Number of protein chains: 2
Amino acid sequence: MLPNGVGTFDLGITERKRRERAEREILIVDTARRIAEEEGWAAVTIRRLAQDIEYSQPVIYSHFASRDAIVGAVAIEGFGELAAALRGAAHSASSPKNALAAVAETFLDVAFDRPAIYEAMFVLPSGLRFAKSDTPPQLRDTFDALAAVITPFCQDVEVATETFWASLHGLAELERHGRIRPAFRAQRLARIVQMVCAQAPK
Amino acid sequence: MLPNGVGTFDLGITERKRRERAEREILIVDTARRIAEEEGWAAVTIRRLAQDIEYSQPVIYSHFASRDAIVGAVAIEGFGELAAALRGAAHSASSPKNALAAVAETFLDVAFDRPAIYEAMFVLPSGLRFAKSDTPPQLRDTFDALAAVITPFCQDVEVATETFWASLHGLAELERHGRIRPAFRAQRLARIVQMVCAQAPK
DNA sequence: ATTGATAATCTACCACTGCTAGATTATATA
DNA sequence: TATATAATCTAGCAGTGGTAGATTATCAAT
């Protein structure tokens with residue numbers, strides 16, 4: 001037994017290992033995200049990930065239970081960044097209507113500029129659960145950022161936010177799938193903003 | 001050479017074969033749809049399809065170039081049915097506002113009652129191209145059915161229809177993915193209808 | 001320094017996928 | 001009945017997500 005009663009000298013070693021493991025986990029997520037952005041999610045296979053991080057496949061599974069869980073990790077990152085971008089857009093606006101328009105435009109910008117992350121957040125199976133006790137705060141933050149700009153134009157904030165969010169997501173999805181004309185994106189956004197603003201508050 | 005100069009007696013045989021081939025193609029699409037509805041699209045594999053229609057896998061590929069093409073065939077069927085359902089809903093309504101509400105509700109009903117077909121139409125890769133020369137009429141029909149009920153409430157019908165469509169699709173997708181509360185579907189729909197109706201025509 | 005236990009990692013595999021080359025069987029004509 | 005052709009099948013490729021079990025490195029205790 002040791003003088004301090006702990007039974008070991010290597011708390012520092014254990015700590016270093018814990019840290020290295022955490023770094024490797026971040027490396028996996030970053031690598032998945034990079035491949036997805038450059039070549040699409042279909043290119044993000046476990047073998048490819050293992051090759052790129054220079055470990056064998058089972059190591060990936062010692063960090064994530066499934067491929068979906070890796071998508072989920074990228075999605076959470078994406079929600080954090082989306083929430084920040086939306087808050088930034090709202091903050092720079094000079095009126096409630098401008099804030100609404102800026103947030104809507106920013107949402108679509110993210111969807112089209114970073115389609116892989118957007119897919120992870122909204123389209124692919126990711127194992128993420130919303131409005132549950134284990135829901136990551138980044139998801140709530142995104143919802144709240146949308147709610148903040150819609151509040152001046154509605155009575156029921158939750159319902160209005162869900163509806164606003166759905167409209168934006170629908171615009172992103174239909175355009176991503178080539179169902180609606182890219183050239184008229186701004187006009188569709190203007191119509192949404194116009195309709196929301198026509199609603200009386202209280 | 002034969003008296004009629006055709007060089008063959010079996011035009012009837014050729015015709016029968018052509019017919020049998022067409023029937024088998026329909027069987028493939030119907031089978032794919034059935035499996036997708038009962039067990040999800042992941043269960044629709046080429047091997048499974050081949051087994052169910054009692055032919056080998058290459059026979060499937062003699063009808064469809066890829067699995068995606070089969071999804072596309074189911075999607076086209078779905079668009080035909082969706083267009084009909086939307087037109088029916090609009091027809092039974094007593095006012096432009098009621099028609100709008102009925103169409104919106106019908107759209108979501110289809111999305112939730114037949115999720116596999118909805119996925120084929122809007123989510124999965126299907127090889128379908130919109131607003132192109134080779135676009136099947138069923139797709140245009142669906143768009144037109146939406147346009148018909150939105151026309152009384154807008155100036156630019158195309159933009160308004162795209163926006164309306166996107167809102168409905170977004171509501172369907174977010175609810176399907178558990179992002180928004182199923183219990184408030186009617187309230188979200190009511191808000192959409194309310195917003196559209198607040199717009200001036202002219 | 002050498003042991004024995006433990007943790008970390010890898011090799012090799014499973015069952016499955018979409019898809020296809022080439023052999024085989026059935027069919028229609030001469 | 002022989003031959004060309006069309007229809008169909010068997011068997012395989014290269015890839016997937018995921019994992020069991022052998023192997024290696026690392027540790028504490030002698």
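A, B, ... follow the sequence lines: proteins, then strands. Residue 1 opens every chain. Please read all numbers here as calculations on a predicted model, not as lab measurements.
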Exercise for the section: Round to the nearest Å and state the distance from B/K17 atom NZ to D/dA7 atom C1'. Expected result: 7 Å
Problem - Cation-pi geometry met for B/R188 and B/F184 (6.0 Å, 45°) - result: no
Problem - Partners meeting side chain to side chain donor-acceptor pair (under 3.5 Å) with B/E25 (sequence neighbours left out) - result: B/H63
Practice task
For B/T135 and B/R129, indicate whether the former's side chain and the latter's backbone hold a donor-acceptor pair under 3.5 Å.
Solution key: yes
Handout entry: Any donor-acceptor pair under 3.5 Å from A/E162 side chain to B/R181 backbone
Key = yes
Practice task
Mark yes or no: A/R176 above the aromatic ring of A/Y118, with NZ or CZ under 6.0 Å from the six-membered ring centre and no more than 45 degrees from the axis.
Solution key: no
Completion exercise
Whole-Å distance, A/I53 CD1 to C/dT9 C1', equals 12 Å
Practice task
Using the ring of B/F112 (Phe, Tyr or Trp, six-membered ring only), decide whether B/R185 places NZ or CZ under 6.0 Å from its centre and within 45 degrees of its axis.
Solution key: yes
Handout entry: Sugar-phosphate only, base, or nothing, as touched by B/R21 at under 4.0 Å among non-hydrogen atoms
Key = nothing
Handout entry: Per-nucleotide protein contact string for nucleotides 10-20 of chain C, where B marks a base within reach and S marks sugar-phosphate only (heavy atoms under 4.0 Å, - for neither)
Key = BB-B---BBBB
Completion exercise
Rounded to whole Å, the CD-P distance (A/E20 to D/dA25) equals 16 Å
